[in-house]
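Below is one structure, written out as structure tokens; comments come after it.
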Amino acid sequence: MKWYLDALKKYAQFDGRSRRQEYWMFRLFSVLFMFAALVIDFLIAMLADIPLFIFTPLYILAIILPSIAITVRRLHDTNNSGWMFLVGFIPFVGGIWLLVLEVTEGTHGPNDYGEDPKEIRELIQSH
């Protein structure tokens with residue numbers, strides 16, 4: 001949950017880098033909260049007998065900008081431009097290509113987009 005909240009604090013921050021752990025924990029909690037919103041919407045629809053979905057679209061709208069921002073920061077960690085995010089829109093292979101970039105280990109040490117977030121965290125924990 002901490003990783004999810006940390007990513008939300010950087011709501012529209014497109015500069016810098018994000019570690020794999022931060023990225024994937026954000027994705028995990030996003031899916032869990034989306035599922036919870038769907039369940040709530042489904043229960044309301046069943047009780048009200050009206051197919052009215054409110055929470056799911058609101059959650060999607062609220063999370064779209066932080067999702068793009070953390071993906072861009074994740075791409076920066078692998079020393080790729082944030083514009084590589086657009087690769088995901090290429091039919092058939094784009095999503096796979098983007099997934100490979102997202103699971104690739106980040107650059108050790110500083111790169112074009114900033115300091116290594118793993119080294120920074122290790123420095124903080126050692127003090």
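Since the model is a prediction, treat every value here as computed from it, not as a measurement. Hydrogens, waters and symmetry mates are skipped; everything else that's a heavy atom, side chains included, is used. Counting begins at 1 with the first residue of the sequence.
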Distance alone, cut at 3.5 Å: any donor-acceptor contact between the side chains of Tyr23 and Arg27? yes

**Item:** Heavy-atom side-chain contact between Ile63 and Leu8 under 4.5 Å
**Value:** yes

For atom CZ of Phe55, is the number of surrounding heavy atoms from other residues, nucleotides or ligands below 6.0 Å larger than 12? no

Margin query: Looking at Leu52, I want to see if its CG is surrounded by more than 12 non-hydrogen atoms of other residues, nucleotides or ligands under 6.0 Å.
Written below: yes

On a heavy-atom basis, the closest approach of His76 and Ser81 is CD2-C, 4.3 Å

Are Arg73 and Glu22 close enough that some pair of their side-chain heavy atoms sits under 4.5 Å apart? yes

Heavy atoms of Leu101 and Thr78 approach each other most closely as O-CG2, 3.6 Å

Legend entry - CZ (Phe42) with more than 12 external heavy atoms under 6.0 Å: no

**Message:** For a quick check under 3.5 Å, do Asp41 and Thr56 share a side-chain donor-acceptor pair by atom type?
**Reply:** yes

Are Asp15 and Tyr113 packed together at the side-chain level, in the sense that at least one heavy-atom pair is separated by less than 4.5 angstrom?
no

| query | Is there a side-chain contact between Met84 and Trp97 (heavy atoms, below 4.5 Å)? | reply | yes

Does Arg17 reach the main-chain N or O of Leu75 with its side chain, forming a donor-acceptor pair under 3.5 Å? no

**Prompt:** Cluster question for you: counting only ILVMFWY and a side-chain heavy-atom cut-off of under 4.5 Å, with indirect links fine, are Leu61 and Phe26 together?
**Reply:** no

According to a hydrophobic-cluster definition based on side-chain heavy atoms being under 4.5 Å apart (Ile, Leu, Val, Met, Phe, Trp, Tyr only), do Val87 and Ile68 belong together?
yes

**Request:** Answer whether the closest heavy-atom distance between the side chains of Leu65 and Phe14 falls below 4.5 Å.
**Result:** yes

Between Tyr4 and Phe33 (judged by ring centroids, cut-off 6.0 Å), do the two rings come close enough to count as a pair? yes

Hey, quick one: are Ile60 and Phe29 part of the same hydrophobic cluster, counting side-chain heavy atoms closer than 4.5 Å, chains of contacts allowed? yes

Taking it one step at a time, do Thr71 and Glu102 satisfy side chain to side chain contact (heavy atoms under 4.5 Å, CB included)? CA-CA 8 Å; Thr71 301; Glu102 291 166 345; 3.7 Å; yes

- Please check if Leu99 and Phe92 belong to a single hydrophobic cluster, counting links between Ile, Leu, Val, Met, Phe, Trp and Tyr side chain heavy atoms closer than 4.5 Å. no

Neighbour count above 12 (heavy atom, 6.0 Å) for Asp112 CG:
yes

In this structure, CD1 of Ile40 is separated from CZ of Phe53 (nearest 0.5 Å) by 12.0 Å

* Indicate, with yes or no, if Ile64 and Leu98 share a hydrophobic cluster defined by side-chain heavy-atom contacts under 4.5 Å among Ile, Leu, Val, Met, Phe, Trp and Tyr. => yes

Between Pro117 and Asp77 the two heavy atoms that sit nearest each other are CD-OD1, 3.7 Å

Practice task
Please check if the side chain of Arg74 supplies one atom and the backbone of Ser18 the other of a donor-acceptor pair under 3.5 Å.
Solution key: yes

Smallest heavy-atom separation, Tyr59 atom then Ser30 atom, equals OH-CA, 3.3 Å

Closest non-hydrogen contact found for Tyr11 with Ala69 is O-CB, 3.8 Å

Of all heavy-atom pairs linking Val72 and Gly82, the shortest is CG1-CA, 3.7 Å

Practice item. Check whether any side-chain heavy atom of Leu28 lies under 4.5 Å from a side-chain heavy atom of Met25, and answer yes or no. Key: yes

- Item | N/O donor-acceptor pair under 3.5 Å between Arg20 side chain and Val103 backbone | yes

Between Lys2 and Asp6, does at least one N-O distance fall below 4.0 Å, as a salt bridge requires? yes

